[in-house]
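Note that the structure is predicted; figures quoted are calculated from it, not measured.
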Amino acid sequence: MLKIIICDDDDFTVRLIHGLLEKAIEISKIEAQIVCETSSGTDLLHFIKKNTGPYLYLLDFDFGKKDLNGIDLAKKVSHYDSNAKIVFVTSHAEKGITILQSGIQAFGFIEKDIKQQTMITSLIKYLKMAEPTLHQIPESQMLELPIGIDETICLPMSDIIYVDSVKTIAHSICYHTFNGSEITVRDTMEHALELLGTNFIRCHRSVIVNKEQVVSVKN
């Protein structure tokens with residue numbers, strides 16, 4: 001079970017993230033639960049002192065002058081929860097550099113966006129990344145990709161969002177994963193579809209998508 005904490009100094013934002021997160025959990029089908037939501041960093045610290053983690057934290061960066069800022073709060077969180085996975089949710093994307101320069105090991109960043117679907121997609125990404133691995137992935141669900149002479153990598157098929165053809169390199173395709181990796185190999189779309197199996201569908205002659213990673217469809 002993935003346990004999640006939401007902390008933002010604005011009560012409306014807390015309720016908004018709660019609702020979007022519930023949709024993301026439903027779509028991703030990950031076993032997860034929101035165990036604490038608060039607009040106070042102090043209350044968050046009281047909770048994790050009494051209830052041991054690890055947790056996935058959705059944490060605001062700027063709490064104004066009434067409380068610790070996101071960096072100081074993250075440092076205290078890490079003191080009590082050494083395995084904390086902290087995702088900063090902020091209206092200021094440029095603050096990411098400040099956070100990284102502070103030495104905080106951020107699990108990720110989500111920009112507050114008026115397009116709720118964009119935020120849901122980001123939440124799904126971090127839910128999948130934070131999901132506890134309870135067992136080894138079977139070989140049948142792994143894809144071995146040749147990336148050089150006598151060199152291969154094994155990639156869980158569930159991590160693949162889509163595959164597309166590479167126009168700049170002849171006879172090559174690229175595997176795109178939900179954590180941002182792009183793995184280019186010499187292969188054909190037809191052969192890739194055979195390897196990937198029934199969870200993948202060719203939606204265009206140059207694109208294969210993972211049906212389990214699709215959030216919405218239009219046109």
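Neither side chain, S206 nor D164, offers a donor N or O lying under 3.5 Å from an acceptor on the other.
Annotation: side-chain hydrogen bond (donor to acceptor under 3.5 Å, both in side chains) contacts of H46 (sequence neighbours excluded): none. Not counting sequence neighbours, Y126 has no partner by the side-chain hydrogen bond (donor to acceptor under 3.5 Å, both in side chains) test.
Counting heavy atoms from C-beta outward, I201 and L193 have side chains that stay 4.5 Å or more apart. Side-chain contact between V185 and I173 is present, with at least one heavy-atom pair separated by less than 4.5 Å.
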Carefully, step by step, assess K112 and D8 under the rule salt bridge (charged side-chain N to carboxylate O under 4.0 Å, His left out). CA-CA 12 Å; K112 293 176 182 176; D8 192 292; 2.9 Å; yes
Take I4 and I25, measure what side-chain contact (heavy atoms from CB on, under 4.5 Å) needs, and give me the verdict at the end. CA-CA 11 Å; I4 306 168; I25 292 171; 4.2 Å; yes
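Sequence neighbours left out, the pairs with a member in residues 152-175 that pass ring pair (Phe, Tyr, Trp, His ring centres under 6.0 Å) are Y162-H176. Residue pairs that meet the salt bridge (Lys or Arg N to Asp or Glu O under 4.0 Å) test with at least one member in residues 171-190, sequence neighbours left out, are E190-R202.
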In a table with atom names and distances, give each donor-acceptor pair under 3.5 Å that connects a side chain of residues 47-56 to protein atoms at least two apart or in another chain.
from: N51; atom 1: ND2; to: F47; atom 2: O; distance (Å): 2.9
from: Y55; atom 1: OH; to: N51; atom 2: O; distance (Å): 2.8
from: Y55; atom 1: OH; to: T52; atom 2: O; distance (Å): 3.2

Output side-chain donor-acceptor pairs under 3.5 Å for residues 207-215, partner residues at least two apart or in another chain, one line each.
from: N210; atom 1: OD1; to: E212; atom 2: N; distance (Å): 3.0
from: N210; atom 1: ND2; to: I160; atom 2: O; distance (Å): 2.9
from: K211; atom 1: NZ; to: T198; atom 2: O; distance (Å): 3.0
from: E212; atom 1: OE2; to: N199; atom 2: ND2; distance (Å): 3.4
from: Q213; atom 1: NE2; to: S158; atom 2: O; distance (Å): 2.8

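Listed here is the closest heavy atom pair of L127 and S28: CD1-OG, 3.9 Å.
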